[in-house]
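Okay, here's the structure, questions in a sec.
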There are 2 protein chains.
Amino acid sequence: MSCSQEYTPQLRARGYRMTPQRHAILHVLCHSGKHLTPSEVYAKAQKQVAGLTEATVYRTLEFLAENGLARPSHVGNGRLVYEIANHEHHHIKCRNCGDEMEVEHTLLKSMYQKLESASGYQLTDSHVTFFGLCPDCQKSENV
Amino acid sequence: MSCSQEYTPQLRARGYRMTPQRHAILHVLCHSGKHLTPSEVYAKAQKQVAGLTEATVYRTLEFLAENGLARPSHVGNGRLVYEIANHEHHHIKCRNCGDEMEVEHTLLKSMYQKLESASGYQLTDSHVTFFGLCPDCQKSENV
DNA sequence: TTCCTTATTGCAAAAAGTTGCAATAACATA
DNA sequence: TATGTTATTGCAACTTTTTGCAATAAGGAA
């Protein structure tokens, strides 16, 4: 039923376990389709799992991120938000109004290659948040 | 004497003030030449300014970042670190061993242009931290 | 189904970061 | 140099995030 079910074998294969808590948290991420803060996740997931604690939410989100099931990204000043990791993309966020849009990975692909060959690093995590001014805010700045 | 002196006119021009606290914090950033956490900055700056509080350090770092004098970047899991903003660059960090290297902005330049024209956004902040595996850790993974 | 190993959780305390507000002190102006 | 405006600070309370540890429960093996 729930989209989170499909993740069970992925976790098991790596020696991890599927728990009601992880289940609920994955479910929340799946069905929101956008960035959520840890406390937003907590608020929603708590309804499904009695006794869920915030500490568990924090640990679970970090755990999911490490295992590639969730994508963390940095919004504003150092606060982490999470979303489900279903397709590869990035974000660009307006410093002024906070508006946010997705950026396709294809736009960054050749830069990634340049970066890898210049640094010798192999890029793993692929989510980046860029900051700038959205078209609307550019207009109002030019007054 | 101190490198932080030169920033005074920049602040004044925008209606801000140079204070002993800002002075000390800029000094610390200038002379460390690397990323520092807020508490590291606090520990060092406190020696120069009696009574400095951590709240002030947090506010000052954010203030300096907003005004382009300091560069915030995200390391590991959502913790913000700061460095002095003297030359435009990015970082690439190893997920495994934590090693970090600078990436020149020229490598990203054409991607930035593509991104701007595709999104309509005007990119302001330019610091990005990429994550990957450093050459050494790649070797040990391939065992 | 039962047992065992150990990954995972909840709890509680600690650490990290934020915020409102009154007091202070930069610094522009006279 | 003295004065007034207001940006900035310190304080203290608060929110957010992390951590150690003992109890719990997932799920492989018997």
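Chain letters run A, B, ... following the sequence lines, proteins first and then strands; every chain starts at 1. All of these numbers come straight from a predicted model, not from anything done at the bench. All heavy atoms count here, side chains included; hydrogens, waters and symmetry mates do not.
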Legend entry - Heavy-atom side-chain contact between B/I92 and A/Y121 under 4.5 Å: yes
Inset, instruction - Measure from CZ on A/R17 to C1' on D/dT24 and round the result to the nearest Å. - result: 10 Å
Inset, instruction - Provide, to the nearest angstrom, the distance between the CD atom belonging to A/Q46 and the P atom belonging to C/dC11. - result: 12 Å
Legend entry - Length of the line joining A/R12:CZ and D/dA25:C1', which is rounded to integer Å: 13 Å
Legend entry - Nearest heavy atoms of B/Y42 and B/L52, plus distance in Å: CE1-O, 3.3 Å
Inset, instruction - Taking the side chain as every heavy atom from C-beta outward, state whether B/E54 and B/P38 have any pair of such atoms under 4.5 Å apart. - result: no
Legend entry - Integer-rounded Å distance: D/dT9 P and B/M18 CE: 11 Å
Legend entry - D/dG10 phosphate, OP1 or OP2, under 4.0 Å from B/Q21 side-chain N/O: yes
Legend entry - Whole-Å distance separating the NE2 atom of A/H23 from the P atom of D/dA25: 17 Å
Legend entry - Any A/E104 side-chain heavy atom under 4.5 Å of A/H89 side chain: no
Inset, instruction - Using atom OH of A/Y58 as one end and atom P of D/dT15 as the other, report the distance to the nearest whole Å. - result: 13 Å
Inset, instruction - Using heavy atoms to find the nearest nucleotide of DNA chain C for A/T53 and B/A55 separately, return the residue whose nucleotide is more 5′. - result: A/T53
Legend entry - Euclidean distance, atom CZ of residue A/R14 to atom C1' of C/dT6 [Å, nearest integer]: 19 Å
Legend entry - Length of the CZ-P vector between A/R22 and C/dA7, whole Å: 11 Å
Legend entry - Distance test, side-chain N/O of A/T19 to OP1/OP2 of D/dA26, below 4.0 Å: no
Inset, instruction - Name the nucleic acid region contacted by B/R59, choosing base, sugar-phosphate or nothing; use a 4.0 angstrom heavy-atom cut-off, strictly under. - result: base
